[in-house]
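Report on the following structure.
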Amino acid sequence: MFIYDSVQKEKRKFIPLREGKVSLYVCGPTVYDDAHLGHAKSALVFDLLTRVLKANGLDVTYARNITDIDDKIIKKAIAQNKDIKEITDYYTDSFHKEMSAIGVSRPDIEPKATESLNAMFEMIQKLIDSGHAYATKDGDVYFDTASDSAYLTLSSRVQDDEDRQERVASSSMKKNPADFAMWKSVKDGSLTYESPFGLGRPGWHLECSAMIEKHLAQADTAFAVDIHGGGADLLFPHHENEAAQTRCSSKHELASYWMHNGFVNINGEKMSKSLGNSFFLKDALKEYDGEVLRFYLLSTHYRSNFNFKSEDLSIAKKRLDKIYRLKKRLFGLAQNSEATEFKTKLLEALSDDMNVSSALALIEEMLSSANEILDTAGKHKLLKRETISNLAYIEEILGFGVKNPFEYFQFGMDQDTKDTIATLMEKRSEAKREKNFEESDRLRDEILAFGVTLMDTPAGTFWEKV
RNA sequence: GGUGCCAUCGCCAAGUGGUAAGGCCGUAGCCUGCAAAGCUACUAUCCCCAGUUCAAAUCUGGGUGGCACCUCCA
């Protein structure tokens, strides 16, 4: 297994901290709004990573947090006159449902900020005691960046004097403009939590460090976790700050490997609220099967920026369709787990920093050759066994082809329409038997009007939604 | 302004020194009553310039053109 470490900026052989085991922590969503394609991309990338690690025989513990304490959540609750928990529960639940629709498995551990406050307090206290943090007379607690000689080494940033001057005005109580809040005193009567440092709310960066320490870290390892992942934008300041907190409050560095996934742009533009072009997952799921979105968002390398275009999405559907068509050809045959060269190569490609493009090339070559042999030698038993085994492996590692192939092609069709199509198809088959091609073609046109396509095969006639 | 990334066929996209994967689209053909699906064949020398090397899309230098982060963000 090779992983590109976005801090060391090179592909490195993956060596776990503890033999045979991997701990993975990924920054999860702040639950104040619907998940967009960017959340989906990140979740998919690390879902794939866990599958590949497992396929390599590693025992993976995957944690992804839910940030349920945040100013934006409070703002939304006030705006909608709802309880905070009502908001966070709602968006946490929809996040889970939508992730499940695109085949993302739940992490092993999903800590919430609200349930990890004690771990945060402990970390703050340790940092204060060791001189890495200080409380202001306003009741805020800041991390003292000057106290950490390794600060900014993670994101390879240099302190810029002019830059620092500009930010001074905003926070006069800080010793240093780069210092960031771990505990923010809140006195406006909105939601606060009791803490040894007074009433207030925790800083965002603190959350992840504390949760990692609580749920994943081992006392005797040089790093708290094997792999820390997240979106590319998180490297600075979020991960830089997390790393500083962990480094200064414990005996280990935060992560042995850092992985950052590229951004999703919409038609060449960054997705953002101000541009009004946020593409929500729930809207995409109305148009496309979740697996098509999964395929599409995973079809290019995870580190590249991803430019979402609906034309490309329909190409992704065409490619996924091919997997399902082969599944249809082999439908009903017994499952098995034959060892094949294809599987070895597929895992090899994915184990190389998740080279999905190479993996897809292997898959499409496998599909072509399987179809070719099935075309010419329909009773090739060994080939069928191997192909079924290959398809099962694609399902397991990539999560492509997990559905019933017939149902997959009926996405979004209601039962009435399906019944009508079935009736028309029966009439058409009858006309065909009588060699009344004029009538059968007329019926086909009628069926096509439902937005489906027809396929006459040796096993009968099938329809697929276009 | 600082830091970093990228530039491969009409489109999407692999490939980090050894002579350009794969997909979409297109063309021709096989199959089919006709289609659809499937299969076969064909389609690029890698932004520009200079250099290193027996050998470069891949390394170095210089251009040009995109993009990201530096503020909450996956």
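Reckoned from all heavy atoms, side chains included, excluding hydrogens, waters and symmetry mates. Proteins get letters first, then strands, A, B, ... in listed order; numbering begins at 1 in each.
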Do [X] side-chain and [N] base share a donor-acceptor contact under 3.5 Å?
| X | N | result |
| --- | --- | --- |
| A/N307 | B/rC11 | no |
| A/D441 | B/rG33 | yes |
| A/R444 | B/rA36 | no |

Nearest-angstrom distance, [atom1] atom, [N] to [M]:
| N | M | atom1 | value |
| --- | --- | --- | --- |
| B/rG22 | B/rG15 | C1' | 11 Å |
| B/rU53 | B/rC47 | C1' | 23 Å |
| B/rC9 | B/rU60 | C1' | 28 Å |
| B/rC42 | B/rC25 | C1' | 14 Å |
| B/rG26 | B/rG10 | C1' | 9 Å |
| B/rG18 | B/rU32 | P | 46 Å |
| B/rG23 | B/rA13 | P | 16 Å |
| B/rA14 | B/rA41 | C1' | 23 Å |

Please state how far atom [atom1] in [X] lies from atom [atom2] in [N], giving the value in whole angstrom units.
| X | N | atom1 | atom2 | result |
| --- | --- | --- | --- | --- |
| A/R433 | B/rG33 | CZ | C1' | 15 Å |
| A/Y324 | B/rG38 | OH | P | 16 Å |
| A/F308 | B/rC11 | CZ | C1' | 16 Å |
| A/E439 | B/rA35 | CD | P | 20 Å |

Query - Nearest-nucleotide comparison on RNA chain B, the residue closer to the 5′ end among A/L360 and A/N355 - result: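 Going by which nucleotide is closer to the 5' end, it is A/N355.
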Report task. Specify the residue among A/P237 and A/S155 whose closest nucleotide of RNA chain B lies further upstream toward the 5′ end. Result ->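 Counting from the 5' end, the first nearest nucleotide belongs to A/S155.
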For [X], which contact category applies under a 4.0 Å heavy-atom criterion: base, sugar-phosphate, or nothing?
| X | answer |
| --- | --- |
| A/N371 | sugar-phosphate |
| A/G38 | base |
| A/E464 | nothing |
| A/I315 | sugar-phosphate |
| A/H260 | nothing |

Looking only at side-chain atoms of [X], point me to the closest of [options].
| X | options | answer |
| --- | --- | --- |
| A/E365 | B/rG22, B/rG4, B/rA13 | B/rG22 |
| A/D456 | B/rA13, B/rA35, B/rC39 | B/rA35 |
| A/D312 | B/rG38, B/rC11, B/rA74 | B/rC11 |
| A/S42 | B/rA74, B/rG33, B/rG22 | B/rA74 |
| A/K309 | B/rC69, B/rG38, B/rC11 | B/rC11 |
| A/T453 | B/rC12, B/rC5, B/rA36 | B/rA36 |
| A/N305 | B/rC39, B/rG2, B/rA68 | B/rA68 |
| A/K432 | B/rC69, B/rA35, B/rG33 | B/rG33 |
| A/E364 | B/rU40, B/rG22, B/rG33 | B/rG22 |
| A/F437 | B/rA14, B/rG33, B/rG38 | B/rG33 |

**Report entry** For B/rU32, the Watson-Crick or wobble counterpart (both distances under 3.5 Å)
**Finding:**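 When the pairing criteria are applied, nothing turns out to pair with B/rU32, so the answer is none.
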Query raised in the report: Side-chain N or O of A/K322 less than 4.0 angstrom from OP1 or OP2 on B/rC24?
Result: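 Yes, A/K322 has a side-chain N/O under 4.0 Å of OP1/OP2 on B/rC24.
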Query raised in the report: Is A/S304 near enough to B/rA14 that one of its side-chain N or O atoms lies under 4.0 angstrom from OP1 or OP2?
Result: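 Affirmative; the distance criterion is met.
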Report task. Over all heavy atoms of both residues, which pair between A/T67 and A/I73 is shortest? Give the atoms and the distance, please. Result ->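 Heavy-atom minimum between the residues: O-CD1, 3.7 Å.
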Query raised in the report: What is the minimum heavy-atom distance between A/R64 and A/P107, and which atoms define it?
Result: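 Result for this residue pair: NH2-CD, 3.4 Å.
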Query raised in the report: So with a 6.0 Å cut-off around CD of A/E341, is the heavy-atom count from everything else above 12?
Result: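 Counting neighbours around CD of A/E341, 12 or fewer heavy atoms of other residues, nucleotides or ligands fall under 6.0 Å, so no.
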Query raised in the report: Taking atom NZ of A/K403 as the centre, does the number of heavy atoms from other residues, nucleotides or ligands within less than 6.0 Å exceed 12?
Result: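 Enclosed: over 12 neighbouring heavy atoms sit under 6.0 Å from NZ of A/K403.
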Query raised in the report: Are A/F263 and the base of B/rA74 stacked, counting only ring centres nearer than 5.5 Å and planes tilted under 30°?
Result: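 According to the criterion (under 5.5 Å, under 30°), yes, A/F263 stacks.
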**Report entry** Salt bridge A/D34-A/K282, side-chain N to carboxylate O under 4.0 Å
**Finding:**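 Salt bridge flag = yes for A/K282 with A/D34.
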Requested in this report: Examine the side chains of A/T136 and A/D138 and answer whether a donor and an acceptor come within less than 3.5 Å of each other.
Outcome: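 There is no such pair between these side chains.
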Query raised in the report: Looking just at side-chain N and O atoms, do A/D68 and A/Y91 make a donor-acceptor pair shorter than 3.5 Å?
Result: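 Judged by distance alone, the side chains do not pair up.
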